Amino acid sequence: MSNRVTSIRLAGAVVATAVGISVLAACSSPAPSGDTSAAAAACEPAKGKVTLQYWNTVPGMDKVVDLWNSKNPNIQVEIKNISNDMYGTIGNALKAGNAPELSQIGYDQLPSLRLQSAFADASVCPDALAVKSKFVPWAWSQTSFGDTGVFAFPQDTGPMALYVRKDLFEKHGLEIPKTWDEYAADAQKLHDADSDLSMTFFDPNNAEFFNGLLWQNSAKMYDYSGDKWQVTVDNDKSRQVADFWQKLIDAKLVRTDLAHATTPMYAAYQKNQIATYIGAAWGYSMLRDNLPDQKGKWTIVPLPTWGTSTASGNWGGSTVAFMKGNTHLYESVKFNTWLNTDPEALAMENELGGLYPASLDGLALPALKKGVPYYDDQKIFDVFAESSKNIDRTWSWGPTQKTTNLALQDALAKAVGGDGKLTDALAAAQEMALKSMQEQAIPAAAGN
């Protein structure tokens with residue numbers, strides 16, 4: 001994960017299948033049922049002032065929290081930015097028994113953390129159940145795992161698109177690529193015209209980005225059938241994606257020496273060394289805030305497609321989870337609901353942190369209906385809205401996704417360094433996915 005973006009922008013329209021989610025539910029504690037008095041007690045309002053801890057990675061979120069605090073003197077929120085080591089910080093806190101009441105968690109990490117009993121179940125609070133209708137349905141099902149529990153509220157999603165330096169394209173007489181084949185052809189033309197100019201960069205240490213590319217091609221990593229998880233990380237469609245990028249890397253048409261959302265990456269763009277950026281909706285503020293001198297030079301267009309398919313991909317998306325040990329569920333639900341459904345809060349989160357809301361009301365924000373000055377007043381969110389419509393909603397994350405991602409990153413980095421190919425990384429990730437699931441007694445097998 002990357003600073004804010006490093007963290008978790010994983011999940012756009014990530015929708016785990018209901019049956020798979022049910023298995024996860026069976027692997028951990030069930031939601032409370034029957035004992036209504038105990039449930040009511042668990043959601044009892046505190047007597048007096050309460051201070052909640054909320055950990056996240058979003059730029060500008062401190063200002064959003066300040067707004068809440070100014071309006072809610074009896075429910076104050078202290079914020080902690082954990083961009084440098086998000087899951088390491090959360091993991092250490094859980095082990096030490098001092099996790100915050102609320103924390104940002106990526107959709108892809110919810111299943112594995114649920115298996116570790118990392119969350120509190122807020123379904124004991126009627127208000128937590130009532131808020132369900134305010135969110136995009138697929139996003140809500142991710143946070144409830146298909147049972148009656150409520151472990152997080154959706155916050156944002158990450159439909160992908162192609163960011164293009166239109167001035168560089170015009171200078172070299174290039175048309176906007178509509179397919180990946182056209183994108184590769186443009187990359188060659190750019191390199192031939194200027195050997196110091198690359199089409200984009202490939203960061204081997206960002207599994208989330210690569211997963212988004214796989215997602216677009218319906219290269220599903222997991223499925224659930226026959227009472228077990230089918231692990232399909234290494235499949236024909238994923239190999240097609242890996243082969244495509246391997247050819248670009250071998251031909252030196254893309255940079256491989258840059259890490260996402262780092263100073264060297266921004267410097268390369270600032271020096272006009274890279275012509276496009278493959279990103280998600282939340283990335284619009286990254287370029288705006290880090291490359292102010294390039295205002296008016298960027299346009300955002302649909303992600304290049306595989307042949308005639310209109311499918312798009314997703315990279316990013318996160319939730320605000322109720323963490324284990326939370327003894328202030330009533331107050332946490334109040335704040336979490338406001339944070340992710342209130343129009344004023346959502347507008348600030350979009351403007352300051354680039355969040356593309358998972359709230360239905362958030363998608364209707366006036367700010368998402370007008371042109372964005374940095375992008376020459378282009379209505380960029382129309383592009384992301386269309387991308388979101390073209391996402392494969394049968395995609396699912398595995399119960400040990402973090403382990404799979406780490407194995408994928410390690411093997412991708414080796415391949416970029418000349419030790420094997422990107423397709424080898426798929427095989428390595430599949431092997432590790434199976435191993436980690438079997439070690440946790442999760443029924444799994446290699447799928448087709």
Side-chain angles (χ1 to χ4, degrees), residues 2-3 5-6 160-210 212-213 241-280 283-305 313 315 374-376 378 380 409 412-422 425:
S2 45
N3 29 55
V5 323
T6 278
M160 295 176 75
L162 180 67
Y163 295 64
V164 176
R165 274 288 300 274
K166 56 185 179 180
D167 58 325
L168 295 179
F169 267 58
E170 290 169 1
K171 177 181 178 180
H172 295 288
L174 299 180
E175 298 291 330
I176 299 295
K178 291 183 171 56
T179 68
W180 285 114
D181 284 343
E182 292 177 3
Y183 186 80
D186 282 348
Q188 186 65 62
K189 292 175 184 177
L190 281 176
H191 183 73
D192 291 344
D194 183 350
S195 60
D196 292 327
L197 180 59
S198 299
M199 180 59 106
T200 191
F201 70 99
F202 182 90
D203 179 4
N205 294 305
N206 198 315
E208 292 83 3
F209 162 73
F210 193 72
L213 297 175
V241 175
D243 282 335
F244 174 84
W245 286 96
Q246 186 70 59
K247 290 176 182 177
L248 293 181
I249 291 169
D250 289 344
K252 302 187 184 307
L253 301 181
V254 298
R255 297 272 294 269
T256 58
D257 60 334
L258 301 172
H260 186 258
T262 59
T263 298
M265 185 204 83
Y266 292 122
Y269 280 107
Q270 187 65 48
K271 295 175 182 177
N272 303 318
Q273 295 174 345
I274 305 179
T276 69
Y277 167 73
I278 299 170
Y284 93 93
S285 62
M286 274 179 37
L287 300 189
R288 178 199 66 190
D289 297 344
N290 291 281
L291 302 169
D293 295 343
Q294 294 183 359
K295 178 180 179 181
K297 295 183 179 181
W298 288 91
T299 187
I300 298 178
V301 299
L303 204 62
T305 62
W315 171 19
Y374 181 82
Y375 295 91
D376 202 19
Q378 179 189 358
I380 62 172
Q409 288 176 178
L412 287 173
K414 288 180 180 178
V416 166
D419 183 5
K421 299 292 184 181
L422 297 184

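Since the model is a prediction, treat every value here as computed from it, not as a measurement. Along the sequence shown, the residues carry numbers beginning at 1.
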Atom of P304, atom of P177 and distance for their closest heavy-atom approach:
CG-O, 4.3 Å

For a quick test of reading the model, state the closest non-hydrogen atom pair linking L253 to Q188 and the distance between them.
CD1-OE1, 3.6 Å

Can you tell me if NZ on K166 sees more than 12 non-hydrogen neighbours from other groups inside 6.0 Å?
yes

For Y163, which of I380, T276, T299, L287 qualifies under side-chain contact (heavy atoms from CB on, under 4.5 Å)?
L287

Going from CD on Q270 to CE on M265, what distance comes out if it is rounded to the nearest 0.5 angstrom?
11.0 Å

Whether the side chain of Y284 engages the backbone of Y374 through a donor-acceptor N/O pair (distance < 3.5 Å, no angle test) should be reported.
no

Just verifying a value: how many Å separate W298 CH2 and R288 CZ, rounded to the nearest 0.5 Å?
15.0 Å

Has K297 got more than 12 heavy atoms of other residues, nucleotides or ligands less than 6.0 Å from its NZ?
yes

Nearest non-hydrogen partners of A161 and I300, listed with the distance
CB-CG2, 3.7 Å

side-chain contact (heavy atoms from CB on, under 4.5 Å) for D203 and L258? Distances and angles first, verdict last.
CA-CA 6 Å; D203 179 4; L258 301 172; over 6 Å; no

Applying side-chain contact (heavy atoms from CB on, under 4.5 Å) between I278 and each of F209, W315, F202, report the one that passes.
F209

Separation of W180 CH2 from W245 CH2 (nearest 0.5 Å)
5.0 Å

To the nearest 0.5 Å, how far apart are CD in Q409 and CD in E208?
6.0 Å

